[in-house]
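To start, the structure under review is shown below, and the notes come after it.
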Amino acid sequence: MITTFESLGLTMPILQALKSKGYKVPTPVQQQAIPLILSGRDVFGSAQTGTGKTAAFALPLLHLLSEKQRVAKHARVLVLAPTRELTQQIGESFRLYGQNTRLKQTIIYGGVSQQAQVDSLRRGNDILIATPGRLLDLLNQKHLSLHAIEHFVLDEADRMLDMGFIHDIKRIVQHLPAERQTLMFSATLSKEIKHLASGILKDFDSFSIKSAKSDPVQTHEKVYYIDRSAKAKLLQHLVSEESIERSLVFTRTKRGADKLVKMLARKGIMAQAIHGNKSQAQRLRALKSFKENKLCMLIATDVASRGIDIHELSHVINYDIPEQTETYTHRIGRTGRAGREGIAYSFCSPEEKTYLKDIQKFIGKQIPVALHPFRAIG
Ligand code: AMP
């Protein structure tokens with residue numbers, strides 16, 4: 001039997017929103033998570049971005065919230081996410097899927113003035129979506145209370161730990177009612193993640209969606225063996241030879257990203273960098289231009305890129321080979337999302353060959369080698 005959004009029992013206003021968004025069938029993570037969340041269970045989901053996991057928790061939570069009126073102005077759902085961009089994307093998802101409900105949300109993140117966020121909190125809201133640091137700031141200043149939270153979501157928990165948020169998370173959890181539903185999502189499953197899960201979840205169900213293996217969507221991978229100094233030329237060559245319309249290019253360092261943007265600009269290729277040294281406004285501007293097709297390329301470092309939801313990404317390019325094998329799968333998981341085919345190219349210089357060897361061992365296959373007109377030493 002085919003699972004549909006209707007058969008999952010979601011309310012009409014939500015079904016209508018999904019229809020207007022063009023979603024036809026729930027993705028595997030949604031099929032697994034939605035019934036569990038609706039039943040009130042705690043859930044641990046091992047799923048990457050790109051599998052439809054935001055809707056997997058947003059849809060049932062909107063359903064549960066719209067069944068009951070909010071009593072006071074305090075939020076009943078708290079979603080914690082590691083980056084500002086991610087909070088905004090999650091907020092956008094809640095807004096879209098909840099467009100036919102009267103539910104209100106506030107998005108809280110640092111790097112901007114807190115006044116608009118405080119004003120929004122004062123007006124009352126159902127859903128809070130926050131990065132940990134700013135949320136704690138506002139809690140300490142008594143601008144909000146978490147005593148009415150009924151559903152707590154920890155999204156991209158592994159990245160939260162990588163970014164050093166563990167203590168903030170623990171402090172926030174102390175403000176939450178013990179009686180609550182907790183949902184935790186993580187792309188990877190380490191000892192630390194399991195430890196955190198056992199601390200904040202109660203008698204939970206878990207599931208694992210391995211997008212790379214169970215996903216029928218193909219990502220075409222190729223590796224270009226190339227001398228380090230010729231990588232920029234190769235990138236230009238690929239942009240002019242192939243229709244690289246919307247690509248995310250990964251560099252190891254922030255400086256590398258900036259250098260590449262300048263170099264591409266000289267060749268008339270419009271690209272912008274998003275990384276930790278850019279202001280929030282600059283990052284949002286770059287993301288907006290990219291989404292509006294004013295830019296064909298975003299150059300990103302791993303931390304900054306994590307969780308960015310960009311539709312119709314044609315290519316992911318590993319301008320530098322990642323040192324961590326799992327980063328490779330995270331990166332290439334960004335292309336070919338939700339039913340679309342993707343292309344992932346890796347530029348491998350002689351110094352990076354050992355990283356590539358480890359990656360191929362980790363993914364259990366050899367990446368096909370591409371030919372190109374430039375020099376490859378070693
Ligand atoms: P996420 O894993 O939440 O980042 O979602 C990845 C992308 O898939 C987003 O662009 C969603 O809008 C899209 N998406 C989520 N669920 C579905 C669905 N059931 N059908 C089609 N697209 C979806």
Side-chain angles (χ1 to χ4, degrees), residues 2-10 14-35 37-38 43 45-63 77 79-99 107 127 129 153-160 183-188 207-217 219 246 248 287-288 290-293 298 300 304-314 316 329-342:
I2 302 171
T3 309
T4 59
F5 285 112
E6 285 81 2
S7 70
L8 292 172
L10 296 168
I14 297 175
L15 292 175
Q16 276 163 352
L18 291 173
K19 206 166 157 200
S20 71
K21 194 135 201 286
Y23 290 10
K24 294 196 173 65
V25 285
T27 65
V29 64
Q30 291 159 6
Q31 293 184 27
Q32 299 243 19
I34 293 173
I37 299 172
L38 286 177
V43 170
S46 173
Q48 298 192 356
T49 322
T51 53
K53 87 177 146 58
T54 314
F57 64 79
L59 297 173
L61 292 179
L62 285 164
H63 175 106
V77 164
V79 182
L80 281 187
T83 63
R84 308 154 185 182
E85 280 86 2
L86 196 57
T87 57
Q88 284 168 326
Q89 281 156 25
I90 296 170
E92 180 63 9
S93 296
F94 271 97
R95 198 187 59 73
L96 278 170
Y97 307 140
Q99 60 187 261
I107 306 178
I127 302 153
I129 302 154
V153 183
L154 193 60
D155 196 18
E156 307 225 342
D158 49 353
R159 188 47 55 159
M160 296 258 217
L183 315 172
M184 180 168 158
F185 293 89
S186 173
T188 54
F207 61 82
S208 168
I209 302 286
K210 282 277 162 281
S211 54
K213 296 210 175 64
S214 61
D215 199 334
V217 178
T219 302
R246 288 159 66 71
L248 190 56
L287 214 55
K288 187 156 175 277
F290 191 69
K291 287 193 173 175
E292 290 170 354
N293 287 327
L298 275 185
S305 80
R306 173 81 179 186
I308 297 173
D309 177 21
I310 301 162
H311 300 256
E312 287 153 32
L313 208 52
S314 67
V316 162
T329 23
H330 278 311
R331 288 185 184 178
I332 74 157
R334 313 304 308 268
T335 179
R337 312 177 90 192
R340 285 181 280 266
E341 285 206 342

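Each ligand, and each atom within it, is numbered from 1 in the order the structure gives.
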Please enumerate all residues that pass side-chain hydrogen bond (donor to acceptor under 3.5 Å, both in side chains) together with Gln99, with sequence neighbours excluded. none
Ligand 1 contact on Gln89 by region, counting heavy-atom pairs under 4.0 Å: neither
Checking contacts here: is it the side chain or the backbone of Phe185 that comes within 4.0 Å of ligand 1, counting heavy atoms only? Could be both or neither. neither
Donor-acceptor contact present, side-chain Thr87 to main-chain Ile129, <3.5 Å: no
Validation row: Val43, Phe57 side chains within 4.5 angstrom (heavy atoms): no
Flag side-chain contact, heavy atom, 4.5 Å: Leu248 against Phe290: no
If you measure from each heavy atom of Val25 to ligand 1, is any distance below 4.0 Å? yes
Please say whether [X] places an N or O atom under 3.5 Å from an N or O atom belonging to ligand 1.
X	value
Ala55	no
Tyr97	no
Lys24	no

Near Lys21, which atoms of ligand 1 are under 4.0 Å from a heavy atom of that residue? 12 (O)
Residue list, ring-ring contact (aromatic ring centres under 6.0 Å, His included) with Phe94, at least two apart or on another chain: none
Do you know the tightest heavy-atom contact between Leu59 and Leu18? CD2-CD2, 3.8 Å
